[in-house]
Amino acid sequence: MQTSHYSSDAWPGGTVDVVVVGGGAAGLNGALMLARSRRSVLVVDSGAPRNAPAEAVHGFIVLDGTAPSEILARGREQVRHYGGRVVLGELASAEPAEPVAGDPRFALTLADGRGVSARRVLVATGLRDVLPEVPGLAGHWGRGVVHCPYCHGWEVRDEPIGILATGPGSLHQALLFRQLTDDLVYFSHGTRVDRDTRARLAARGIRVIDTAVTGIVADDGAPAGVRLADGTVVARRVIAVATRTLARTEGLDGLKLPMEDLPDGTGRRFASALAGSTGVPGVWVAGNATEPTAQVGAAAAAGALAGAHINADLAAADTDAALAAAPAGEATA
């Protein structure tokens with residue numbers, strides 16, 4: 001956990017309109033929409049964003065080239081400007097509580113024992129990238145080892161790039177990275193590469209190596225090559241790998257949110273429908289926790305949409321409560 005980048009706000013008392021679990025782009029943009037609608041919002045941020053290793057965010061208009069930490073810091077301040085609260089902490093539990101006049105309630109507790117009641121919950125916990133167990137690979141993650149041609153491609157253009165295959169999706173990845181370099185090698189790494197696939201790769205000048213990969217060789221803190229089982233080292237400055245992506249679920253088991261497997265064993269995510277609604281009334285999900293391929297801009301947009309729908313749901317509930325409390329004559333006037 002990163003604990004030095006900002007101070008937590010005061011812990012709220014009573015019941016808040018919305019607790020947002022996750023302080024990334026999706027969570028902060030959802031909180032921003034809600035705070036601007038004068039909803040009481042509490043963002044619980046673990047302080048460990050997925051893109052922390054990256055030097056900059058790319059493919060996001062206006063903010064292209066901005067450090068992830070700067071975007072999140074500015075996002076937190078904007079949420080606070082409208083009255084939202086952001087606290088640093090790990091969620092320990094979240095579960096439904098007794099409704100109030102039919103309006104949902106949720107009880108959330110942090111690892112340090114602090115608890116809060118919420119009318120609605122937005123889950124924006126992001127995901128965890130699971131890399132192949134290849135010695136030396138994880139240490140370069142987010143820099144010399146990358147996964148997304150749109151996030152990192154321009155920065156590694158014209159470099160000798162190796163695709164470390166993890167499954168069928170790696171072929172798609174190879175074709176996208178081929179747009180960025182003429183020097184591309186496809187390490188099959190035990191995955192099946194049929195005749196048609198080999199022909200497609202060969203047609204684009206992509207060499208296929210079937211010998212098992214045993215490690216990544218580094219030079220001056222950056223990848224220098226891929227070591228094979230026969231001892232050969234294939235010089236590569238960049239390694240592209242499709243990770244297995246797992247939604248972060250810590251502390252959320254009590255909500256019993258529906259989940260689903262991604263195709264070809266590539267991961268697991270929270271299932272969601274329109275605007276991030278889930279099968280649990282009162283709970284929404286946004287960002288990489290439900291859409292692993294979303295970049296920062298798309299995740300932020302999903303958070304904004306979820307926030308707007310949560311506000312609309314609360315507005316309807318507020319109206320129902322006001323109608324139930326109004327004297328009969330006023331209600332029918």
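Reckoned from all heavy atoms, side chains included, excluding hydrogens, waters and symmetry mates.
The number of heavy atoms from other shown groups lying within 6.0 Å of CZ (Arg114) is above 12. When the shell of 6.0 Å around CZ of Arg157 is examined, it contains more than 12 heavy atoms from other residues, nucleotides or ligands. Crowding of Arg198 atom CZ: a count of heavy atoms from other residues, nucleotides or ligands under 6.0 Å exceeding 12. More than 12 heavy atoms of other residues, nucleotides or ligands shown are found within 6.0 angstrom of CD on Glu260. Within a 6.0 Å radius of CH2 in Trp154, other residues, nucleotides and ligands contribute 12 heavy atoms or fewer.
In the hydrophobic clustering of ILVMFWY residues, with side-chain heavy atoms under 4.5 Å counting as a link, Leu305 and Leu32 come out apart. Val19 and Met33 are assigned to two separate hydrophobic clusters, defined by single-linkage of ILVMFWY side chains at heavy-atom distances under 4.5 Å. Placement of Leu262 and Leu127 in two distinct hydrophobic clusters is found when ILVMFWY residues are connected by side-chain heavy-atom separations under 4.5 Å, directly or transitively. Under a hydrophobic clustering in which Ile, Leu, Val, Met, Phe, Trp and Tyr are joined whenever their side-chain heavy atoms come within less than 4.5 Å, directly or via other members, Leu137 and Ile209 fall into the same cluster. Placement of Ile161 and Ile239 in two distinct hydrophobic clusters is found when ILVMFWY residues are connected by side-chain heavy-atom separations under 4.5 Å, directly or transitively.
Here the shortest heavy-atom pairing between Gly287 and Ala302 reads N-CB, 4.1 Å. Val193 approaches Leu201 most closely through the heavy-atom pair CG1-CD1, 4.5 Å. The minimum heavy-atom distance linking Arg128 with Glu250 is given by the pair NH2-OE2, 2.6 Å. Residues Ala118 and Leu108 come closest through the heavy atom pair CB-CD1, 4.0 Å. Taking both residues in full, the closest heavy atoms of Ala242 and Thr166 are given as O-OG1, 2.9 Å, listed atom of the first, atom of the second, then distance. Considering every non-hydrogen atom in both Thr278 and Ala271, the closest pair reads CG2-O, 4.1 Å.
Ion pairing of Arg80 with Glu77 is present here, as a side-chain N (NZ or NE/NH1/NH2) and a carboxylate O approach within less than 4.0 Å. Under a 4.0 Å N-O distance rule, the pair Asp183/Arg236 qualifies as a salt bridge. A salt bridge between Arg119 and Asp318 is present, with a side-chain N of the basic residue lying under 4.0 Å from a carboxylate O of the acidic one.
Checking Glu95 against Ser93 by side-chain atom types alone, no donor-acceptor pair falls below 3.5 Å. Side-chain contact of Ser188 with Asp210: a donor-acceptor pair under 3.5 Å is present, judged by distance alone.
In this structure, the side chains of Ile163 and Gln173 come closer than 4.5 Å at one or more pairs of heavy atoms. With contacts defined as side-chain heavy-atom distances shorter than 4.5 Å, the pair Thr211/Thr232 does not qualify. Using a 4.5 Å cut-off on side-chain heavy atoms (C-beta onward), Val283 and Phe106 make contact. Between Glu90 and Leu110 there is no side-chain heavy-atom pair separated by less than 4.5 Å. Residues Phe177 and Val146 form a side-chain contact, since some pair of their non-hydrogen atoms from C-beta on lies under 4.5 Å apart. Trp284 has its side chain out of reach of Ser272: every pair of non-hydrogen atoms, C-beta onward, lies at least 4.5 Å apart. A heavy-atom distance below 4.5 Å is found between the side chains of Ile310 and Leu122. Residues Arg105 and Thr15 have side chains in contact (heavy-atom distance under 4.5 Å, counting atoms from C-beta outward).
Rounded to the nearest 0.5 angstrom, Leu246 CG and Met259 CE are separated by 8.0 Å. Note that the CZ atom of Arg178 and the CZ atom of Arg200 stand 13.5 Å from one another [nearest 0.5 Å]. Interatomic distance, Thr125 OG1 to Phe270 CZ, rounded to the nearest 0.5 Å: 5.0 Å.
Grouping Ile, Leu, Val, Met, Phe, Trp and Tyr by side-chain contacts under 4.5 Å, direct or through others, puts Val57 with Phe60, Leu63, Ile71, Val296. Side-chain heavy-atom separations under 4.5 angstrom define the hydrophobic clusters, and the remaining members of the one that includes Val217 are Val233.
A donor-acceptor pair under 3.5 Å links the side-chain atoms of Arg237 to the main chain of Pro223, judged by distance alone. Between the side chain of Asp264 and the backbone N or O of Thr266, no donor-acceptor pair lies under 3.5 Å. Side chain of Asn51 to backbone of Ala54: no donor-acceptor contact under 3.5 angstrom is found. Checking side-chain atoms of Asp17 against main-chain N and O of Ser40 turns up a donor-acceptor pair under 3.5 Å. No side-chain donor-acceptor contact under 3.5 Å links Asp261 to the backbone of Arg268. Ser117 places no side-chain N or O within donor-acceptor distance of the main-chain N or O of Ala107, the cut-off being under 3.5 Å. Side chain of Thr191 to main chain of Ala165: no donor-acceptor pair is present (N/O by atom type, distance under 3.5 Å, no hydrogens or angles). Put simply, the side chain of Arg244 gets close to the backbone of Gly265: a donor and an acceptor are under 3.5 Å apart. A side-chain donor-acceptor contact under 3.5 Å links Glu291 to the backbone of Thr293.
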Please report the C-alpha distance between Glu70 and Leu72 in whole Å, then the side-chain angles of each, then the deciding distance to 0.1 Å, and finally whether the side-chain contact (heavy atoms from CB on, under 4.5 Å) criterion is met. CA-CA 5 Å; Glu70 180 181 344; Leu72 296 181; over 6 Å; no
Item checked: Criterion side-chain contact (heavy atoms from CB on, under 4.5 Å) on Tyr150 and Leu176, from CA distance to verdict -> CA-CA 9 Å; Tyr150 304 108; Leu176 296 179; 3.8 Å; yes
Exercise for the section: Check the pair Arg39 / Val16 against side-chain contact (heavy atoms from CB on, under 4.5 Å), numbers first and verdict last. Expected result: CA-CA 8 Å; Arg39 295 293 178 187; Val16 298; over 6 Å; no
| message | Let's go through Arg85 and Val41 carefully: what are the C-alpha distance in whole Å and the side-chain angles of both, what is the deciding distance for side-chain contact (heavy atoms from CB on, under 4.5 Å) to 0.1 Å, and is it a yes or a no? | response | CA-CA 6 Å; Arg85 302 187 190 207; Val41 182; over 6 Å; no
Review point. Yes or no on salt bridge (Lys or Arg N to Asp or Glu O under 4.0 Å) for Arg120 and Asp103, after CA distance, side-chain angles and deciding distance?
Key: CA-CA 9 Å; Arg120 304 292 184 271; Asp103 191 42; 2.8 Å; yes
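Looking at Leu42, Val43, Val86, Val79 one by one, the single match for side chain to side chain contact (heavy atoms under 4.5 Å, CB included) with Asp9 turns out to be Val86.
Residues in residues 130-145 take part in these side-chain hydrogen bond (donor to acceptor under 3.5 Å, both in side chains) pairs, two or more places apart or across chains: Glu55-Arg143.
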